[in-house]
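Taking it in order: structure first as C-alpha coordinates, then the write-up.
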Amino acid sequence: MCYDIKTSLEKQLRRALLDGSKADAQEIAEKLKIFTKEDIELHHASGFKHPQMFIYTQETPDTPTVATWGLVPEWVADKESIWNKTLNARGETIFEKASFRDSATNKRCLIYLEGFYEHHHKNGKTYPYFIKHKEKDLFAVAGLWSEWQNELGELLKTFSIVTTKGNLLMADIHNNPKLPEPRMPLILTADMESQWLDGKLAQNDIEKLIKPLAGDKLVAHTVGPIKGKKASGNLPQASLEVNYAELQVSQLGLF
DNA sequence: CCAGACGTTGTT
DNA sequence: GTCTGG
DNA sequence: CCAGACGTTGTT
DNA sequence: GTCTGG
(Lines give C-alpha, C1' and ligand atoms only; values in the text may rest on other atoms or scores of the structure.)
Protein backbone atom coordinates (compact mmCIF):
# COMPACT_ATOMS: atom_id res chain seq x y z
CA MET A 1 0.00 0.00 0.00
CA CYS A 2 1.22 3.44 -0.86
CA TYR A 3 -0.27 6.45 0.84
CA ASP A 4 -0.59 9.97 -0.45
CA ILE A 5 1.30 11.24 2.54
CA LYS A 6 3.41 13.18 0.09
CA THR A 7 0.79 14.66 -2.18
CA SER A 8 -1.74 15.65 0.44
CA LEU A 9 0.70 17.76 2.38
CA GLU A 10 -0.75 20.96 1.06
CA LYS A 11 -4.29 20.07 2.11
CA GLN A 12 -2.95 18.88 5.42
CA LEU A 13 -1.37 22.24 5.95
CA ARG A 14 -4.58 24.04 5.04
CA ARG A 15 -6.53 21.91 7.46
CA ALA A 16 -4.00 22.52 10.16
CA LEU A 17 -4.38 26.25 9.73
CA LEU A 18 -8.17 25.87 10.08
CA ASP A 19 -9.03 28.76 7.84
CA GLY A 20 -10.00 29.05 4.23
CA SER A 21 -6.99 31.08 3.22
CA LYS A 22 -5.56 30.73 -0.22
CA ALA A 23 -2.00 30.78 1.03
CA ASP A 24 0.26 28.21 -0.48
CA ALA A 25 1.81 25.37 1.40
CA GLN A 26 5.01 27.21 2.14
CA GLU A 27 3.30 30.28 3.57
CA ILE A 28 1.10 28.10 5.73
CA ALA A 29 3.99 26.04 6.93
CA GLU A 30 5.88 29.16 7.88
CA LYS A 31 2.86 30.51 9.76
CA LEU A 32 2.54 27.28 11.63
CA LYS A 33 6.27 27.25 12.29
CA ILE A 34 6.15 23.51 11.65
CA PHE A 35 7.95 23.16 8.37
CA THR A 36 10.41 25.63 6.95
CA LYS A 37 10.42 26.58 3.29
CA GLU A 38 13.42 24.32 2.84
CA ASP A 39 11.58 21.42 4.44
CA ILE A 40 8.74 21.80 1.97
CA GLU A 41 11.09 21.93 -0.99
CA LEU A 42 12.89 18.89 0.28
CA HIS A 43 9.61 17.12 0.84
CA HIS A 44 8.44 17.77 -2.72
CA ALA A 45 11.75 16.68 -4.16
CA SER A 46 12.46 13.74 -1.95
CA GLY A 47 11.55 10.12 -1.91
CA PHE A 48 10.35 8.04 0.96
CA LYS A 49 13.01 8.53 3.58
CA HIS A 50 11.44 9.40 6.92
CA PRO A 51 8.41 11.31 5.64
CA GLN A 52 6.75 13.60 8.12
CA MET A 53 3.04 14.02 8.52
CA PHE A 54 0.46 15.58 10.78
CA ILE A 55 -1.21 13.35 13.30
CA TYR A 56 -4.12 14.17 15.60
CA THR A 57 -3.87 12.68 19.07
CA GLN A 58 -6.15 12.51 22.07
CA GLU A 59 -4.01 15.04 23.93
CA THR A 60 -4.55 17.69 21.26
CA PRO A 61 -7.38 16.44 19.05
CA ASP A 62 -7.77 19.77 17.24
CA THR A 63 -4.14 20.67 16.77
CA PRO A 64 -1.89 18.60 14.58
CA THR A 65 1.37 17.19 15.78
CA VAL A 66 4.24 16.55 13.39
CA ALA A 67 5.35 12.94 13.45
CA THR A 68 7.61 10.74 11.35
CA TRP A 69 6.09 7.82 9.53
CA GLY A 70 7.31 4.48 10.92
CA LEU A 71 6.52 3.85 14.58
CA VAL A 72 9.55 3.53 16.85
CA PRO A 73 8.57 1.94 20.19
CA GLU A 74 10.04 3.76 23.18
CA TRP A 75 12.15 0.75 24.22
CA VAL A 76 14.02 0.49 20.90
CA ALA A 77 17.74 1.21 21.10
CA ASP A 78 18.36 1.89 17.43
CA LYS A 79 15.50 3.61 15.66
CA GLU A 80 16.95 2.91 12.22
CA SER A 81 16.52 -0.80 12.77
CA ILE A 82 12.77 -0.57 12.96
CA TRP A 83 11.33 2.62 11.51
CA ASN A 84 10.59 1.27 8.05
CA LYS A 85 9.20 -2.00 9.34
CA THR A 86 6.38 -0.31 11.19
CA LEU A 87 4.81 1.83 8.50
CA ASN A 88 1.68 -0.25 8.93
CA ALA A 89 0.20 -2.13 11.86
CA ARG A 90 -2.17 -5.03 11.26
CA GLY A 91 -5.39 -4.13 13.06
CA GLU A 92 -5.96 -7.76 14.02
CA THR A 93 -2.83 -7.89 16.16
CA ILE A 94 -2.12 -4.38 17.49
CA PHE A 95 -2.80 -5.51 21.08
CA GLU A 96 -0.46 -8.49 20.76
CA LYS A 97 2.60 -7.19 18.95
CA ALA A 98 5.34 -5.88 21.21
CA SER A 99 5.94 -2.91 18.95
CA PHE A 100 2.34 -1.75 18.94
CA ARG A 101 0.50 -2.84 22.07
CA ASP A 102 1.43 0.10 24.28
CA SER A 103 0.45 2.51 21.55
CA ALA A 104 -2.75 0.57 20.80
CA THR A 105 -3.76 1.03 24.42
CA ASN A 106 -2.56 4.55 25.09
CA LYS A 107 -1.52 6.34 21.93
CA ARG A 108 -4.02 6.12 19.12
CA CYS A 109 -4.14 8.89 16.53
CA LEU A 110 -5.77 9.97 13.29
CA ILE A 111 -4.13 10.82 9.98
CA TYR A 112 -6.06 12.60 7.24
CA LEU A 113 -5.52 11.53 3.63
CA GLU A 114 -6.93 12.42 0.26
CA GLY A 115 -6.46 8.84 -0.85
CA PHE A 116 -4.02 6.01 -1.24
CA TYR A 117 -2.48 3.97 -4.02
CA GLU A 118 -2.62 0.32 -4.95
CA HIS A 119 -1.32 -1.58 -7.94
CA HIS A 120 -3.55 -3.66 -10.13
CA HIS A 121 -2.00 -6.61 -11.93
CA LYS A 122 -3.10 -7.49 -15.43
CA ASN A 123 -1.31 -9.52 -18.09
CA GLY A 124 1.95 -9.35 -16.23
CA LYS A 125 1.91 -5.57 -15.87
CA THR A 126 0.99 -3.38 -12.97
CA TYR A 127 -1.19 -0.29 -13.05
CA PRO A 128 -1.33 2.18 -10.18
CA TYR A 129 -4.75 3.24 -8.93
CA PHE A 130 -5.57 6.15 -6.67
CA ILE A 131 -8.37 5.33 -4.28
CA LYS A 132 -10.34 8.08 -2.59
CA HIS A 133 -13.53 8.61 -0.64
CA LYS A 134 -16.65 9.29 -2.69
CA GLU A 135 -17.92 11.96 -0.33
CA LYS A 136 -14.93 13.32 1.52
CA ASP A 137 -12.04 15.42 0.34
CA LEU A 138 -10.00 14.24 3.30
CA PHE A 139 -10.81 11.15 5.31
CA ALA A 140 -9.38 9.86 8.56
CA VAL A 141 -7.35 6.70 8.83
CA ALA A 142 -6.52 5.13 12.17
CA GLY A 143 -2.97 5.41 13.43
CA LEU A 144 -0.82 4.55 16.41
CA TRP A 145 1.90 6.84 17.64
CA SER A 146 4.88 6.69 19.93
CA GLU A 147 7.44 8.94 21.50
CA TRP A 148 11.02 7.79 21.41
CA GLN A 149 13.99 9.37 23.14
CA ASN A 150 17.55 9.18 21.92
CA GLU A 151 20.64 9.05 24.08
CA LEU A 152 20.70 12.86 24.22
CA GLY A 153 17.15 12.96 25.53
CA GLU A 154 15.74 14.33 22.28
CA LEU A 155 12.18 13.27 21.55
CA LEU A 156 11.02 11.80 18.27
CA LYS A 157 7.34 11.32 17.57
CA THR A 158 6.48 8.54 15.12
CA PHE A 159 3.36 6.81 13.85
CA SER A 160 2.01 3.76 12.03
CA ILE A 161 -1.11 3.42 9.90
CA VAL A 162 -3.44 0.64 10.99
CA THR A 163 -4.57 -1.74 8.24
CA THR A 164 -7.51 -4.09 7.93
CA LYS A 165 -8.86 -6.60 5.44
CA GLY A 166 -9.51 -5.09 2.03
CA ASN A 167 -13.12 -4.56 0.94
CA LEU A 168 -14.62 -5.70 -2.38
CA LEU A 169 -13.24 -2.75 -4.31
CA MET A 170 -9.79 -3.51 -2.94
CA ALA A 171 -10.13 -7.18 -3.80
CA ASP A 172 -10.60 -6.17 -7.46
CA ILE A 173 -7.79 -3.68 -7.58
CA HIS A 174 -5.26 -5.13 -5.22
CA ASN A 175 -4.95 -8.47 -6.99
CA ASN A 176 -1.25 -9.13 -6.61
CA PRO A 177 -1.09 -12.91 -6.96
CA LYS A 178 1.70 -13.04 -4.40
CA LEU A 179 -0.44 -11.63 -1.65
CA PRO A 180 -2.73 -13.86 0.40
CA GLU A 181 -5.40 -11.17 0.66
CA PRO A 182 -5.84 -7.49 -0.08
CA ARG A 183 -5.33 -5.03 2.74
CA MET A 184 -6.41 -1.45 3.16
CA PRO A 185 -5.97 1.32 5.70
CA LEU A 186 -8.51 1.46 8.52
CA ILE A 187 -10.74 4.29 7.36
CA LEU A 188 -12.95 5.80 10.07
CA THR A 189 -16.32 7.50 9.85
CA ALA A 190 -16.79 10.70 11.84
CA ASP A 191 -18.19 9.05 14.97
CA MET A 192 -15.54 6.35 14.84
CA GLU A 193 -12.88 9.07 14.75
CA SER A 194 -13.81 10.35 18.20
CA GLN A 195 -14.02 6.82 19.55
CA TRP A 196 -10.59 5.98 18.19
CA LEU A 197 -9.18 8.93 20.14
CA ASP A 198 -11.13 8.09 23.33
CA GLY A 199 -8.52 6.99 25.85
CA LYS A 200 -11.19 5.44 28.08
CA LEU A 201 -12.55 3.11 25.42
CA ALA A 202 -12.10 -0.57 26.33
CA GLN A 203 -9.92 -2.79 24.15
CA ASN A 204 -12.98 -4.77 23.15
CA ASP A 205 -14.71 -1.64 21.84
CA ILE A 206 -11.60 -0.47 20.05
CA GLU A 207 -11.40 -3.80 18.28
CA LYS A 208 -14.96 -3.37 17.07
CA LEU A 209 -13.83 -0.30 15.12
CA ILE A 210 -11.27 -2.33 13.18
CA LYS A 211 -13.15 -3.37 10.07
CA PRO A 212 -13.01 -2.38 6.41
CA LEU A 213 -15.04 0.55 5.15
CA ALA A 214 -17.65 -0.62 2.62
CA GLY A 215 -16.32 -0.66 -0.94
CA ASP A 216 -19.12 1.55 -2.23
CA LYS A 217 -17.80 4.44 -0.15
CA LEU A 218 -14.63 4.50 -2.21
CA VAL A 219 -13.87 5.29 -5.81
CA ALA A 220 -10.71 4.60 -7.81
CA HIS A 221 -8.97 5.78 -10.98
CA THR A 222 -5.70 4.99 -12.67
CA VAL A 223 -2.78 7.39 -12.27
CA GLY A 224 0.69 7.79 -13.72
CA PRO A 225 3.65 5.90 -12.33
CA ILE A 226 4.22 6.66 -8.68
CA LYS A 227 7.67 5.17 -8.45
CA GLY A 228 10.66 5.15 -10.77
CA LYS A 229 12.01 7.50 -13.42
CA LYS A 230 8.62 8.42 -14.85
CA ALA A 231 7.01 9.18 -11.50
CA SER A 232 5.87 12.75 -10.98
CA GLY A 233 7.27 12.83 -7.46
CA ASN A 234 5.83 14.17 -4.24
CA LEU A 235 3.40 16.51 -5.94
CA PRO A 236 -0.39 16.75 -6.13
CA GLN A 237 -0.35 15.78 -9.80
CA ALA A 238 0.65 12.27 -8.74
CA SER A 239 -3.03 11.55 -8.07
CA LEU A 240 -4.40 12.95 -11.36
CA GLU A 241 -6.21 10.49 -13.58
CA VAL A 242 -4.16 8.90 -16.36
CA ASN A 243 -5.82 6.38 -18.64
CA TYR A 244 -4.23 3.24 -20.03
CA ALA A 245 -5.56 2.00 -23.37
CA GLU A 246 -5.09 -1.62 -22.43
CA LEU A 247 -7.40 -1.14 -19.45
CA GLN A 248 -10.15 0.62 -21.40
CA VAL A 249 -12.46 -2.35 -21.32
CA SER A 250 -12.49 -2.85 -17.60
CA GLN A 251 -12.85 -6.38 -16.43
CA LEU A 252 -13.47 -5.12 -12.97
CA GLY A 253 -16.89 -3.69 -13.70
CA LEU A 254 -16.46 -1.18 -10.92
CA PHE A 255 -14.87 1.81 -12.54
C1' DC B 1 9.32 -3.58 -7.07
C1' DC B 2 14.25 -4.59 -6.14
C1' DA B 3 18.21 -6.96 -4.29
C1' DG B 4 20.34 -11.03 -4.24
C1' DA B 5 21.06 -15.51 -5.57
C1' DC B 6 22.22 -18.40 -9.07
C1' DG B 7 25.80 -24.81 -6.17
C1' DT B 8 28.08 -29.08 -5.02
C1' DT B 9 31.22 -31.92 -2.68
C1' DG B 10 32.32 -34.32 1.19
C1' DT B 11 40.45 -33.45 2.30
C1' DT B 12 41.48 -26.58 0.35
C1' DG C 1 18.87 -13.74 -17.68
C1' DT C 2 15.52 -15.23 -14.35
C1' DC C 3 13.74 -16.48 -10.07
C1' DT C 4 12.98 -15.77 -5.11
C1' DG C 5 12.50 -13.55 -0.85
C1' DG C 6 11.61 -9.71 1.48
C1' DC D 1 19.40 -17.97 31.90
C1' DC D 2 20.59 -15.06 27.96
C1' DA D 3 20.36 -13.52 23.26
C1' DG D 4 17.49 -11.87 20.09
C1' DA D 5 13.35 -10.27 18.39
C1' DC D 6 10.08 -6.88 18.46
C1' DG D 7 6.86 -5.80 11.42
C1' DT D 8 4.22 -5.43 6.98
C1' DT D 9 3.80 -5.23 2.31
C1' DG D 10 4.86 -6.93 -1.90
C1' DT D 11 6.53 0.14 -5.66
C1' DT D 12 4.92 3.58 1.22
C1' DG E 1 10.24 -3.15 28.06
C1' DT E 2 8.86 -8.02 27.57
C1' DC E 3 8.52 -12.30 25.37
C1' DT E 4 10.41 -16.33 22.92
C1' DG E 5 13.54 -19.75 21.54
C1' DG E 6 17.50 -22.13 22.34
Side-chain angles (χ1 to χ4, degrees), chain A residues 1-9 12 43-44 46-55 67-107 111-122 124-132 141-150 158-166 170-171 173-187 210 212 222-235 238-239 242 244:
Chain A
M1 208 167 328
C2 173
Y3 302 96
D4 73 331
I5 278 183
K6 312 165 293 269
T7 61
S8 71
L9 181 67
Q12 284 286 320
H43 179 87
H44 281 155
S46 74
F48 299 117
K49 191 96 176 156
H50 301 277
Q52 293 200 324
M53 189 64 175
F54 292 129
I55 63 172
T68 302
W69 193 14
L71 188 147
V72 179
E74 59 181 26
W75 40 262
V76 156
D78 171 22
K79 67 177 164 48
E80 296 301 321
S81 66
I82 196 164
W83 82 270
N84 64 351
K85 298 177 181 174
T86 51
L87 300 168
N88 291 114
R90 289 181 68 88
E92 295 88 335
T93 55
I94 51 173
F95 289 101
E96 298 162 19
K97 299 292 182 182
S99 296
F100 298 130
R101 61 188 164 211
D102 294 340
S103 296
T105 306
N106 301 312
K107 287 186 164 63
I111 301 102
Y112 289 89
L113 305 177
E114 286 180 72
F116 55 96
Y117 301 92
E118 290 288 3
H119 286 81
H120 180 70
H121 292 241
K122 188 179 177 185
K125 288 189 152 188
T126 63
Y127 301 90
Y129 279 81
F130 185 67
I131 298 145
K132 58 185 183 178
V141 298
L144 302 176
W145 68 285
S146 176
E147 204 160 31
W148 179 84
Q149 208 174 123
N150 71 7
T158 59
F159 72 97
S160 287
I161 292 179
V162 176
T163 65
T164 187
K165 193 168 143 46
M170 297 309 301
I173 297 176
H174 195 199
N175 64 346
N176 187 332
K178 288 182 182 173
L179 293 179
E181 62 163 13
R183 304 288 298 173
M184 63 183 277
L186 174 52
I187 299 169
I210 304 173
T222 44
V223 296
I226 57 177
K227 187 90 196 277
K229 277 181 195 167
K230 294 179 193 164
S232 57
N234 296 343
L235 295 165
S239 58
V242 172
Y244 296 85

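Within every chain, numbering begins at 1; the chains are lettered A, B, ... in the order of the sequence lines, protein sequences first and strands thereafter. Just so it is clear, the structure is predicted and the values come from calculations on it, not from any experiment.
Separation of the C1' atoms belonging to D:dG7 and E:dT4 is 16 Å when rounded to the nearest angstrom. Rounded to whole Å, the P atom of B:dT8 lies 46 Å from the corresponding atom of D:dC1.
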Polar atoms only, N or O, under 3.5 Å: list the protein pairs with nucleotides 1-8 of chain D and their distances.
unit_1, atom_1, unit_2, atom_2, d
D:dC6, O3', A:Ser99, OG, 3.0
D:dG7, OP1, A:Ala98, N, 2.9
D:dG7, OP1, A:Ser99, N, 3.2
D:dT8, OP1, A:Arg90, N, 2.8

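Residues forming a side chain to side chain contact (heavy atoms under 4.5 Å, CB included) with A:Thr126 (at least two apart in sequence, or on another chain): A:His119, A:His121. Taking the side chain to side chain contact (heavy atoms under 4.5 Å, CB included) definition, one finds that A:Glu181 meets it with A:Arg90, A:Lys165, A:Arg183, sequence neighbours left out. Scanning for salt bridge (charged side-chain N to carboxylate O under 4.0 Å, His left out) contacts around A:Glu147 gives A:Lys157, with sequence neighbours left out. A:Lys79 meets the side chain to side chain contact (heavy atoms under 4.5 Å, CB included) test with A:Val72, A:Trp148, A:Leu156; sequence neighbours excluded.
Side-chain contact check for A:Phe159 versus A:Leu71: every heavy-atom pair is 4.5 Å or farther apart. Proximity of A:Tyr117 to A:Val223: side-chain heavy atoms (C-beta onward) are separated by under 4.5 Å at one or more points.
Looking at A:Thr222, its side chain does come within 3.5 Å of a backbone N or O of A:Val242 through a donor-acceptor pair. Remark: the backbone N or O of A:Trp145 is paired with a side-chain donor or acceptor of A:Ser103 at under 3.5 angstrom.
Stretches of at least 3 consecutive Watson-Crick or G-U wobble pairs, with each checked distance under 3.5 Å, appear in DNA chain B as B:1-6 with C:1-6.
To the nearest angstrom, P of E:dG1 lies 16 Å from CG of A:Asn106. A straight line from CG of A:Asp102 to P of E:dT2 spans 8 Å, rounded to a whole angstrom.
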